[in-house]
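Accompanying notes for the structure given below.
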Number of protein chains: 2
Amino acid sequence: MNVPNYLSHLSVDNVIFGYHNKQLKVLLMKLNNNNYWMLPGGFVKEDESILTAAKRVAQERTGLSELYLNQFKTYGDPHRTKDARIVKLEAYSSYTFDHQAPETLDSYFVSVGFYTLTEFSKVAINKGPLDQDCNWFALDEIPELLYDHNQLIVDAVKSLRLHVDHYPIGKKLLEKKFTMPEIQALYETILDRTMDRRNFSKKIMKSGIITKLEEQRNIGAHRAPYLYAFNEEKYNEALKNGIASIF
Amino acid sequence: MNVPNYLSHLSVDNVIFGYHNKQLKVLLMKLNNNNYWMLPGGFVKEDESILTAAKRVAQERTGLSELYLNQFKTYGDPHRTKDARIVKLEAYSSYTFDHQAPETLDSYFVSVGFYTLTEFSKVAINKGPLDQDCNWFALDEIPELLYDHNQLIVDAVKSLRLHVDHYPIGKKLLEKKFTMPEIQALYETILDRTMDRRNFSKKIMKSGIITKLEEQRNIGAHRAPYLYAFNEEKYNEALKNGIASIF
DNA sequence: GCAATAGTGTCTGTAAGACAGTATATT
DNA sequence: AATATACTGTCTTACAGACACTATTGC
């Protein structure tokens, strides 16, 4: 049952986070012949890197190509895919887009976990040809998933929050020009805690990754907020070298 | 060339750090038919987890069985093992202890990187049956290694230092009873920077992971230092939940 | 003037870091 | 007494966190 096109016993799984309007969600899918939700994942071709494979999988479902993926952990336990609930032979062909799979889905798969962060209102969800369903779930409404995928999400969230503490985010999640309340809401949502407006503003301005513009945005019956934009140089430098824990 | 006993295209590589007397070293090996040093690594059996495989590999070379392994990153690029320097057919049989290898060593291997930290004076180095050599190297004397193994070491060091910032270490590296200068030397060596004696002592005592004993150690012609021991409860609790960046 | 949102400065406490003099043991 | 090591406390500074009032806009 070896299709030479794919590496056997190896897969990638993606935790695709979507942010929009103070909500953080995760993209889940459900196979045709199985009534359980799972993370979108796929196999690795013989001539591609694991990162490329993960990007391909993410792109297939979201349509977005410029995703910034982050590897967070690799799962390799012979029992992790022994899941009584999965319908063996019928399921595997739909896991990957081109209808090829190196083994049945309950054989031993070592899976490399990646996560990414997108703006979910920009995503046009694209079901796999044999997916039954594919949709966003809020973090506190994740159902029981196949395999160890609930654990993957827990680990990915932890990793994302650690990342946010040391690297800038927001370029792909906010408009080019955004307000201070908007970027604060982004951080508060991802870190799942509220922060003091004055302290937040002080700290993020001191880090230098955003710049205050002269413009304001008209928001109707309220005081107009100032607009900000990312400082490209500082932002990129911080992406590379990290920033001493801002939040 | 598929030996069903092992997962194909998958390996584990171990960065085995050894600490002793203010020195931090890495265990490297050299295959019989190849004049380049590399990290000890191995393959994953069909019925074992990647962690078990990595432990097996580490135990084979060090003789130590109670190692605490830490997964730090997975490497999967189709070109990572295309190394002109390796002697293809002759080399692979010696990579693993039981003379079986699923492919030649230059096929595509996705490798899961682990590191561990040991007391190197306790290690009886055990060459693989077909290893030409196996030895400790100081961090600043690592030669050019096969494949991407130099990068693995860089990443492992980074990961180790990050780990040390948030979790206690030392139980496997120091005697049951140790002095303040000894534990400080350990931290200074791993983090590769000196620290102020007074501040170090203040901070580590405040963290609660060590306790001052009544005893002192006789060190000859000098003032006798007090002995300390780890506080098991605090230590284990900190291992689980981490400690707010001590150093 | 009311409601809703945005904007900003100061104070306090804590913790980190710099720093030097005293104590002990041996010869 | 000389040497080598160990022990410890205070001061300063920076940063985090708490906190409240004013400004703008539309109705």
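By convention in this document, chain letters (A, B, ...) are assigned in the order of the sequence lines, proteins followed by strands, and residues within each chain are numbered from 1.
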**Message:** Which residue is it: Trp37(A), Phe120(A), Tyr19(A)? I am looking for the one with a ring-ring contact (aromatic ring centres under 6.0 Å, His included) to Trp136(A).
**Reply:** Phe120(A)
**Message:** Any N or O donor-acceptor pair under 3.5 Å from the base of dA25(C) to the side chain of His222(B)?
**Reply:**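 Not at all, since no donor on one side and acceptor on the other fall under 3.5 Å apart.
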**Side-chain donor/acceptor of Arg223(B) to base of dA25(C), under 3.5 Å** = no
Distance-only donor-acceptor hits, side chain of residues 203-213 of chain A, under 3.5 Å, sequence neighbours excluded:
| residue | atom | partner | partner atom | Å |
| --- | --- | --- | --- | --- |
| Lys203(A) | NZ | Ile246(A) | O | 3.2 |
| Ser207(A) | OG | Ile204(A) | O | 2.8 |
| Ser207(A) | OG | Ile209(A) | N | 3.3 |

Separation of [X] atom [atom1] from [N] atom [atom2], in whole Å?
X	N	atom1	atom2	value
Glu182(B)	dA6(D)	CD	C1'	13 Å
Asp165(B)	dA16(C)	CG	C1'	14 Å
Ile219(A)	dA3(C)	CD1	C1'	13 Å
Tyr226(A)	dT8(C)	OH	P	7 Å
Arg217(B)	dT26(C)	CZ	P	15 Å
Arg193(B)	dA16(C)	CZ	P	12 Å

**Asked** Looking only at heavy atoms, what is the nearest atom pair of Glu237(A) and Asn241(A), with distance?
**Response**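 In this case the closest contact between Glu237(A) and Asn241(A) is OE2-ND2, 2.7 Å.
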**Request:** Carefully, step by step, assess Lys177(B) and Glu182(B) under the rule salt bridge (Lys or Arg N to Asp or Glu O under 4.0 Å).
**Result:** CA-CA 10 Å; Lys177(B) 298 174 181 178; Glu182(B) 280 167 357; over 6 Å; no
**Prompt:** Of Ala221(B) and Tyr228(B), whose nearest nucleotide on DNA chain D comes first from the 5' end?
**Reply:**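 It is Ala221(B) whose nearest nucleotide is closer to the 5' end.
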**Request:** With a 4.0 Å heavy-atom cut-off, tell me which residues in residues 194-216 of chain A come close to DNA chain D, sorted by residue number.
**Result:**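 Only Asp196(A), Arg197(A), Arg198(A), Asn199(A), Lys202(A), Lys203(A) qualify.
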**Prompt:** Quick one: are the ring centres of Phe109(A) and Tyr75(A) less than 6.0 Å apart?
**Reply:**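 Not under 6.0 Å, so no.
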**Prompt:** Out of Leu146(B), Leu145(B), Asn135(B), which residue meets the side chain to side chain contact (heavy atoms under 4.5 Å, CB included) rule with Leu28(B)?
**Reply:** Leu145(B)
